[in-house]
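This is a predicted model, so every value here is computed, not measured. By convention in this document, chain letters (A, B, ...) are assigned in the order of the sequence lines, proteins followed by strands, and residues within each chain are numbered from 1.
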Protein chains: 2
Amino acid sequence: MKNFTMQEIISETGLTADTLRYYEKEGMISGIHRKPNGHRVYTNSDLEWLKFAICLRKTGMSVKNIKEYRKLMDEGDKTISIRKEMLKNQREKILEEIEVLKEGINRLDFKLEYYQSIESNL
Amino acid sequence: MKNFTMQEIISETGLTADTLRYYEKEGMISGIHRKPNGHRVYTNSDLEWLKFAICLRKTGMSVKNIKEYRKLMDEGDKTISIRKEMLKNQREKILEEIEVLKEGINRLDFKLEYYQSIESNL
DNA sequence: TATTGACCTAGAGCAGACTCCAACCTTTAA
DNA sequence: TTAAAGGTTGGAGTCTGCTCTAGGTCAATA
């Protein structure tokens with residue numbers, strides 16, 4: 001199992017060192033090992049989790065919620081059904097958000113057509 | 001042309017009075033008339049603009065940007081091409097955001113299937 | 001040996017978008 | 001005439017999610 005340095009995680013994820021440490025401080029990431037000199041050592045599964053967490057952030061889940069989900073993961077299989085609920089919930093929210101965005105596109109298209117018609121008449 | 005009170009605008013838009021005043025203070029809404037007692041009076045076109053502005057907010061445009069767009073509107077037809085650019089730009093951003101969300105859905109579905117397979121084996 | 005580079009910590013600061021507060025003013029209804 | 005309803009203002013406070021600063025450690029290189 002490969003280990004990763006801060007730099008490697010930064011280039012793998014696109015996060016900054018500050019954000020990475022912030023996420024850890026907030027409990028969104030946990031159980032990161034250290035070298036004797038105190039530097040963080042990320043494992044493969046840390047990276048996998050991070051990527052998933054980033055995906056959740058991008059879909060609008062709050063840091064607090066992701067931390068909650070992570071905590072449940074750490075509690076083992078008995079929390080699977082709760083976690084499933086959380087993800088289903090998030091899935092619904094994303095679908096709703098997509099609808100809002102599509103509605104936005106429609107409105108913009110309408111406006112853009114209107115502008116088009118004005119410009120053709122100048 | 002019908003006029004609207006604060007209450008009516010609140011129920012038409014779903015915004016709070018505070019948010020409405022905040023938007024005005026920030027310049028996202030402008031030219032709102034007043035009754036002799038100082039109360040705001042919103043016109044039909046104020047309401048129309050508000051609804052459009054809210055739509056822009058929902059698709060992620062910042063208050064600052066919407067204010068900028070509004071300012072251009074107030075400057076008349078000569079700014080139409082800039083406004084068109086702004087809207088096209090926003091349209092692109094929304095499409096990108098939709099892609100991110102769809103990608104998120106896919107990941108969630110994958111995770112959910114995994115949980116499903118675990119639960120079937122208990 | 002001195003400096004550079006990659007980290008570390010605690011804690012302060014910041015931007016954005018509200019949200020709340022205190023004090024005040026009218027108009028209407030009891 | 002007093003109270004309630006429906007506003008007004010300026011400014012402070014809150015929450016989220018970073019982002020930055022200052023000062024320090026350690027290992028490797030010039």
Side-chain angles (χ1 to χ4, degrees), chain A residues 2-43 46-47 50-70 90 93 97 100 104, chain B residues 3-43 46-47 50-71 90 93 97 100 104:
Chain A
K2 193 179 181 313
N3 286 332
F4 300 90
T5 66
M6 192 62 142
Q7 273 312 316
E8 286 167 332
I9 293 294
I10 285 169
S11 70
E12 283 286 328
T13 61
L15 299 178
T16 67
D18 276 323
T19 302
L20 231 23
R21 285 188 287 253
Y22 166 72
Y23 283 171
E24 193 177 335
K25 189 161 61 181
E26 292 300 306
M28 205 174 104
I29 313 171
S30 60
I32 307 298
H33 295 143
R34 301 299 182 109
K35 282 189 212 153
N37 66 8
H39 288 199
R40 288 169 179 80
V41 183
Y42 297 86
T43 66
D46 290 334
L47 179 56
L50 243 178
K51 284 181 176 172
F52 186 61
I54 289 167
C55 172
L56 292 175
R57 278 292 299 125
K58 281 187 182 163
T59 66
M61 195 184 273
S62 68
V63 169
K64 199 175 152 193
N65 261 234
I66 299 174
K67 168 209 178 129
E68 178 62 19
Y69 181 87
R70 173 72 220 198
Q90 184 62 14
K93 278 188 187 161
E97 179 62 13
V100 168
Chain B
N3 285 332
F4 300 89
T5 66
M6 192 61 141
Q7 274 312 316
E8 286 166 332
I9 294 293
I10 285 169
S11 69
E12 284 286 329
T13 62
L15 298 179
T16 67
D18 276 323
T19 302
L20 230 24
R21 286 187 286 253
Y22 166 70
Y23 282 170
E24 194 177 335
K25 191 160 58 181
E26 292 300 305
M28 204 174 105
I29 312 169
S30 61
I32 307 297
H33 295 142
R34 301 299 181 110
K35 284 188 213 155
N37 67 7
H39 289 198
R40 288 169 179 80
V41 181
Y42 296 86
T43 67
D46 290 335
L47 179 56
L50 243 178
K51 283 181 176 173
F52 185 60
I54 289 167
C55 172
L56 291 176
R57 278 294 298 125
K58 282 187 181 163
T59 66
M61 194 183 273
S62 69
V63 169
K64 200 175 150 193
N65 261 234
I66 299 172
K67 168 209 178 130
E68 177 61 19
Y69 181 89
R70 174 70 220 200
K71 213 185 103 208
Q90 184 62 13
K93 278 188 189 162
E97 179 63 13
V100 169

In B/S/- notation (B base, S sugar-phosphate only, - none; protein heavy atoms under 4.0 Å), nucleotides 2-18 of chain C written 5' to 3' is ----BBSB-B-----BB

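Looking at residues two or more places apart in sequence or on another chain, you find a side chain to side chain contact (heavy atoms under 4.5 Å, CB included) between Ser62(B) and Lys64(B), Asn65(B). Residues that satisfy the side chain to side chain donor-acceptor pair (under 3.5 Å) test with Tyr42(B), not counting sequence neighbours, are absent from this structure. Evaluation of the side chain to side chain donor-acceptor pair (under 3.5 Å) rule for Lys51(B) yields Glu12(B) as partners, not counting sequence neighbours. In this structure, Gln7(B) has no side chain to side chain donor-acceptor pair (under 3.5 Å) partners at least two apart in sequence or on a different chain. Applying the side chain to side chain contact (heavy atoms under 4.5 Å, CB included) rule to Thr59(B) yields the partners Leu101(A), Gln90(B), Ile94(B); only residues at least two apart in sequence or on another chain are considered.
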Quick one: side chains of residues 19-30 of chain A, donor-acceptor pairs under 3.5 Å with protein atoms, not counting sequence neighbours, listed by atom name and distance.
residue: Thr19(A); atom: OG1; partner: Thr16(A); partner atom: OG1; Å: 2.9
residue: Glu24(A); atom: OE1; partner: Arg40(A); partner atom: NE; Å: 2.6
residue: Ser30(A); atom: OG; partner: Asp74(A); partner atom: OD2; Å: 3.1

side-chain contact (heavy atoms from CB on, under 4.5 Å) between His39(B) and Thr5(B), intermediate numbers included: CA-CA 8 Å; His39(B) 289 198; Thr5(B) 66; over 6 Å; no

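Rounding to whole angstrom units, CG of residue Leu15(B) and C1' of dT19(C) are separated by 13 Å.
In this structure the side chain of Asp46(A) never reaches within 4.5 angstrom of the side chain of Val41(A), judged on heavy atoms.
Reading DNA chain D from its 5' end, the first and the last nucleotide to sit under 4.0 Å from a heavy atom of chain A are dG17(D) to dC26(D).
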